[in-house]
Amino acid sequence: MHSIGELSRRTGVKVPTIRYYEQMGLIEAAERTGGNQRRYEKGDLERLTFIRHARDLGFPIEAIRELISLSGHPGRPCDRADTIAAEQLAQVREKIARLQKLESELQRITGHCDGDHAIEDCYVIRALSDHGLCESEH
């Protein structure tokens, strides 16, 4: 059995987040000691490790909930899990594309200034004040 603090240290998940996951039903409600302290089992540690890794990869809570549910049926086909992961990959690619547009626009905006102008002539300030000076939607 693990205390919530030990579970936190072993998984890198903060104690309030563990409580939140418990409230959300992602991990089972912990058993309580006579002193009302939470006690977690090895399976809870494994589940929390799974959740942490999924969150690190950007999966939303609902996708994690579904993946946890799927993991409870090891004999079923994995096509739904693959679909969930593919959807997450598509989301990541969309974010990367948006970030690349932002990078390009910021590079363009900062490229106009050599640092020798007064703020009143600063292209960065003008561009931030007038979205029409941007080359593309971002």
Side-chain angles (χ1 to χ4, degrees):
M1 301 292 278
H2 307 282
S3 69
I4 196 167
E6 182 181 347
L7 200 65
S8 175
R9 281 188 298 281
R10 292 188 65 181
T11 61
V13 177
K14 295 182 183 198
V15 169
T17 305
I18 294 171
R19 290 186 188 123
Y20 171 74
Y21 291 157
E22 193 174 304
Q23 290 172 346
M24 295 294 295
L26 294 178
I27 59 174
E28 296 291 323
E31 292 181 24
R32 301 283 183 142
T33 66
N36 204 29
Q37 292 181 334
R38 288 175 166 91
R39 291 289 180 208
Y40 296 91
E41 297 181 8
K42 181 182 178 196
D44 298 316
L45 176 66
E46 292 167 354
R47 168 80 54 91
L48 192 55
T49 300
F50 177 93
I51 294 167
R52 168 73 192 272
H53 192 198
R55 292 298 286 158
D56 287 347
L57 291 171
F59 283 94
I61 295 292
E62 286 309 313
I64 294 170
R65 184 184 315 282
E66 189 172 355
L67 289 165
I68 289 169
S69 176
L70 290 169
S71 71
H73 305 282
R76 287 188 180 170
C78 70
D79 60 330
R80 181 62 190 140
D82 289 341
T83 298
I84 293 168
E87 290 168 353
Q88 181 59 21
L89 176 59
Q91 291 291 320
V92 167
R93 286 179 173 157
E94 286 177 25
K95 287 177 187 176
I96 289 170
R98 283 194 309 269
L99 287 171
Q100 287 173 330
K101 285 181 182 179
L102 287 175
E103 177 189 33
S104 176
E105 188 60 26
L106 286 168
Q107 186 174 10
R108 189 188 68 75
I109 289 171
T110 58
H112 282 86
C113 187
D114 57 15
D116 290 336
H117 296 94
I119 287 294
E120 65 187 347
D121 298 322
C122 180
Y123 189 78
V124 171
I125 300 296
R126 282 198 326 256
L128 293 174
S129 298
D130 182 358
H131 192 54
L133 294 175
C134 294
E135 284 187 348
S136 64
E137 192 60 37
H138 48 84

* To do: Could you list the residues that satisfy side chain to side chain contact (heavy atoms under 4.5 Å, CB included) with Gln37, not counting sequence neighbours?
  => Thr33, Arg39
* Structure fact -> Residues passing the side chain to side chain donor-acceptor pair (under 3.5 Å) test with Gln100, sequence neighbours excluded, are none
* Do you reckon Leu57 sits in the same ILVMFWY cluster as Phe50, going by side-chain contacts under 4.5 Å, direct or chained? -> yes
* To do: Give the C-alpha distance, both sets of side-chain angles, the deciding distance and a yes or no for side chain to side chain contact (heavy atoms under 4.5 Å, CB included) between Ile27 and Ile68.
  => CA-CA 9 Å; Ile27 59 174; Ile68 289 169; over 6 Å; no
* **Enclosure of Arg76 CZ (heavy-atom neighbours >12, cutoff 6.0 Å)** => no
* To do: Output the distance between atom CD1 (Ile64) and atom CD1 (Ile51), rounded to the nearest 0.5 Å.
  => 6.5 Å
* Whether Ser8 side chain and Val13 backbone form a donor-acceptor pair below 3.5 Å -> yes
* hydrophobic_cluster_shared for Leu128 and Leu106, side chain cutoff 4.5 Å -> no
* Any pair with a residue in residues 80-97 that passes side-chain hydrogen bond (donor to acceptor under 3.5 Å, both in side chains), sequence neighbours left out, goes on the list, sorted by first then second residue, please. => Glu66-Arg80
* Structure fact -> Sorted by chain and residue number, the ring-ring contact (aromatic ring centres under 6.0 Å, His included) partners of His131 (sequence neighbours excluded) come out as His138
* Using salt bridge (Lys or Arg N to Asp or Glu O under 4.0 Å) as the criterion, list what pairs up with Arg10, not counting sequence neighbours. => Glu6
* Using atom types as modelled and distance alone, determine if a side-chain donor or acceptor of Ser104 lies under 3.5 Å from a backbone N or O of Lys101. => no
* Hey, could you give me the CD1/CD1 distance between Ile119 and Ile125, rounded to the nearest 0.5 Å? => 5.0 Å
* Contact list for residues 45-62, test side-chain hydrogen bond (donor to acceptor under 3.5 Å, both in side chains), sequence neighbours left out -> Arg52-Asp56, Glu62-Arg65
* **Asp44 side chain to Glu41 backbone, donor-acceptor under 3.5 Å** => yes
Using atom types as modelled, flag every donor-acceptor pair under 3.5 Å from a side chain in residues 14-26 to any protein atom, sequence neighbours excluded.
from, atom 1, to, atom 2, distance (Å)
Glu22, OE1, Arg38, NE, 3.4
Glu22, OE1, Tyr40, OH, 2.7

* To do: Report the residues that fulfil side chain to side chain contact (heavy atoms under 4.5 Å, CB included) with Ala85, sequence neighbours left out, ordered by chain and then residue number.
  => Phe59
